[in-house]
Amino acid sequence: MDFQLQYTDKASDARAGVITTGHGKIETPIFMPVGTAGAVKAVHFSELRQQVKAQIILGNTYHLYLRPGLEVLRAAGGLHEFNGWERPILTDSGGFQVFSLSGIRKLTEEGCEFRSHIDGSKHIFTPENVMDTERIIGADIMMALDECPPGLSDYAYAKKSLAMTQRWLDRCINRFNETEPLYGYHQSLFPIVQGCTYKDLRQEAAKYVADKGAEGNAIGGLAVGEPTEVMYEMIEVVNGILPKDKPRYLMGVGTPQNILEGIERGVDMFDCVMPTRNGRNAMLFTYEGTMNMRNKKWEMDFSPLDPNGCETDRVTTKAYLHHLFKAQELLAMQIASIHNLAFYLRLVTDARQHILAGDFVQWKNSIVGQLGQRR
């Protein structure tokens with residue numbers, strides 16, 4: 001994998017760059033739609049390519065491991081061949097999903113034992129078999145196995161958790177170096193910086209990760225309950241240490257405002273289920289704020305969802321989408337999901353253009369306040 005840093009904003013840490021993978025280039029900053037089980041909910045890949053303009057999507061190791069399973073994925077030739085997405089794919093390690101299974105998982109030094117949410121069957125994720133699993137999935141970018149502790153964990157727990165995450169990282173790297181890609185293209189391994197909301201732990205974690213010399217690095221364990229201002233502070237602490245010549249991925253964040261604030265602090269890559277999840281629940285994101293399409297105010301509004309947006313935005317009226325949600329038509333969730341994903345990609349693309357133009361901070365400050373307003 002190659003990362004070319006093209007421009008850094010003079011008034012902030014915002015950056016524009018290009019990541020080159022075996023399945024194509026990714027212009028940063030970038031938002032990555034979440035395709036948990038090998039599919040982005042309610043959105044076909046043709047729409048992701050043509051309307052959303054997605055350059056990379058995510059797959060989830062936990063869900064893909066359970067269903068369709070490694071035997072199917074290996075026989076298909078990996079996830080790219082299985083689902084037909086020919087552009088880059090990133091897989092998370094499944095750690096966040098496993099650790100969310102409180103009550104049906106057990107954490108040990110060896111790894112994490114858990115029971116499937118599908119049928120209750122027993123499994124274990126270790127740093128070694130997670131690397132093997134991600135090799136079989138065939139993602140261009142693989143994530144190391146880590147523990148994602150609750151955002152408000154006490155210091156003692158956070159310190160203990162970080163130490164184990166670091167030991168697991170070493171085992172991940174060893175296994176990664178012992179194995180080869182299965183499908184003829186390069187795969188990269190990103191470590192994950194943890195440490196909750198404790199500055200000294202985040203600094204320790206960032207230094208530990210930076211010393212590994214990986215092709216890119218991730219920031220995990222944020223947007224999990226801590227105040228927004230604390231999240232921004234932790235991003236600044238970590239990005240002050242992580243190497244500038246490697247891409248930085250902020251995991252699971254977040255709102256349009258969060259993304260712009262993250263970009264200003266030097267983050268290159270983002271993912272979040274919010275565009276599709278909120279879209280399926282009738283919330284649309286726009287530059288003028290959010291819209292609840294179930295509200296009666298849209299019933300007689302025959303203007304397009306966004307005259308400057310994707311094709312779906314231009315040909316769908318607010319009144320029609322309001323009707324579809326009221327009628328509980330599945331098309332409503334599809335249209336809203338396409339709109340939100342296209343908006344998120346447009347947001348990071350516009351941010352990139354303003355970084356390159358040298359006026360990112362002025363542009364960001366002029367719009368960030370209205371993004372969260374209700375229309």
Side-chain angles (χ1 to χ4, degrees), residues 19 21 23-60 63-64 68 76 78-91 137-141 255-256 259 269-287 290-294 298 303-325 327-352:
I19 300 170
T21 75
H23 285 93
K25 295 181 182 295
I26 306 159
E27 293 185 335
T28 63
I30 190 65
F31 179 81
M32 304 177 286
V34 177
T36 300
V40 177
K41 289 192 188 323
V43 183
H44 192 269
F45 287 153
S46 62
E47 292 157 341
L48 283 175
R49 287 188 292 262
Q50 297 164 19
Q51 297 201 64
V52 173
K53 311 294 185 186
Q55 300 177 46
I56 175 174
I57 64 171
L58 266 68
N60 180 262
H63 289 279
L64 291 167
L79 185 57
H80 289 93
E81 294 295 323
F82 183 61
N83 68 6
W85 177 256
E86 72 280 6
R87 297 179 183 180
I89 294 176
L90 181 150
T91 44
I137 294 171
D140 300 271
I141 300 173
T255 67
I259 288 174
M269 305 166 70
F270 302 85
D271 81 285
C272 189
V273 298
M274 190 172 286
T276 46
R277 178 179 291 170
N278 287 26
R280 295 194 305 275
N281 288 284
M283 176 187 280
L284 300 191
F285 295 97
T286 76
Y287 270 122
T290 60
M291 300 190 296
N292 183 343
M293 299 314 299
R294 290 195 176 96
W298 308 117
S303 63
L305 294 179
D306 187 343
N308 300 312
C310 65
E311 180 184 359
T312 294
D313 288 338
R314 298 193 300 270
V315 302
T316 306
T317 67
K318 298 180 180 73
Y320 181 56
L321 185 55
H322 169 78
H323 156 70
L324 292 177
F325 272 112
Q328 298 185 355
E329 287 286 347
L330 295 179
L331 182 59
M333 295 187 284
Q334 183 181 31
I335 290 173
S337 296
I338 292 171
H339 164 86
N340 279 348
L341 287 173
F343 173 73
Y344 267 61
L345 266 295
R346 180 177 159 201
L347 182 72
V348 294
T349 299
D350 288 350
R352 174 183 168 83

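One-based numbering along the sequence shown.
Between atom CD1 of residue Ile89 and atom CG of residue Leu79 there is a gap of 4.0 Å, rounded to the nearest 0.5 Å. With values rounded to the nearest 0.5 angstrom, Leu341 atom CG is found 13.0 Å from Met32 atom CE. Going from atom NZ of Lys41 over to atom CZ of Arg277 covers 9.0 Å, rounded to the nearest 0.5 Å. Going from atom CG of Leu90 over to atom CD1 of Ile57 covers 10.5 Å, rounded to the nearest 0.5 Å. For the atom pair NE2 of His80 and CG of Asp140, the computed distance is 4.0 Å after rounding to the nearest 0.5 Å. How far CD1 of Ile259 is from CG of Asp271: 9.0 Å, rounded to the nearest 0.5 Å.
No donor-acceptor pair under 3.5 Å is formed between the side chain of Ser337 and the backbone N or O of Gln334. Under a 3.5 Å cut-off, the side chain of His322 and the backbone N or O of Thr317 do not form any donor-acceptor pair. The closest donor-acceptor contact from the side chain of Arg352 to the backbone of Thr28 lies under 3.5 Å. Between the side chain of Asn340 and the backbone N or O of Met283, at least one donor-acceptor pair lies under 3.5 Å. The main-chain N or O of Ala54 is found under 3.5 Å from a side-chain atom of Arg87 such that the two form a donor-acceptor pair. With hydrogens and angles ignored, the 3.5 Å screen pairs a side-chain donor or acceptor of Arg294 with a backbone N or O of Asn281. A donor-acceptor pair under 3.5 Å is formed between the side chain of Gln55 and the backbone N or O of Glu27.
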Check the pair Glu86 / Arg49 against side chain to side chain contact (heavy atoms under 4.5 Å, CB included), numbers first and verdict last. CA-CA 10 Å; Glu86 72 280 6; Arg49 287 188 292 262; 3.2 Å; yes
Under the side chain to side chain contact (heavy atoms under 4.5 Å, CB included) rule, what do His339 and Thr286 come out as? Steps first, then yes or no, please. CA-CA 9 Å; His339 164 86; Thr286 76; 4.0 Å; yes
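When all heavy atoms are compared, the tightest approach of Gly38 to Asn83 is O-ND2, 3.2 Å. For the pair Leu324 and Ala332, the tightest heavy-atom approach, listed with the atom from each and the gap, is CB-CB, 3.6 Å. Nearest heavy atom pair, residue Cys310 against residue Ala342, reads SG-CB, 3.9 Å. Summarising the geometry of Trp298 relative to Asn292, their closest heavy-atom pair is NE1-O, 2.9 Å, with the distance given to 0.1 Å. Residues Trp85 and Ile56 share a closest heavy-atom pair of CZ2-N, 4.3 Å. In terms of heavy atoms, Val52 sits closest to Ile338 at CG2-O, 4.0 Å.
A heavy-atom distance below 4.5 Å is found between the side chains of Met274 and Tyr344. No side-chain heavy atom of Val315 sits less than 4.5 Å from a side-chain heavy atom of Tyr320. Taking 4.5 Å as the limit, some side-chain heavy atom of Met269 sits within range of a side-chain heavy atom of Ile141. Annotation: side chain of Ile30 is not in contact with side chain of Thr349 (no heavy-atom distance under 4.5 Å). Proximity of Leu321 to Phe325: side-chain heavy atoms (C-beta onward) are separated by under 4.5 Å at one or more points.
In summary, the side chains of Asp350 and Tyr287 do present a donor paired with an acceptor at a separation below 3.5 Å, with no hydrogens or angles considered. Side chains of His23 and Thr21: a donor-acceptor N/O pair is absent below 3.5 angstrom, by distance only.
One finds a salt bridge joining Arg346 and Asp306 here, because a Lys/Arg side-chain nitrogen approaches an Asp/Glu carboxylate oxygen to under 4.0 Å.
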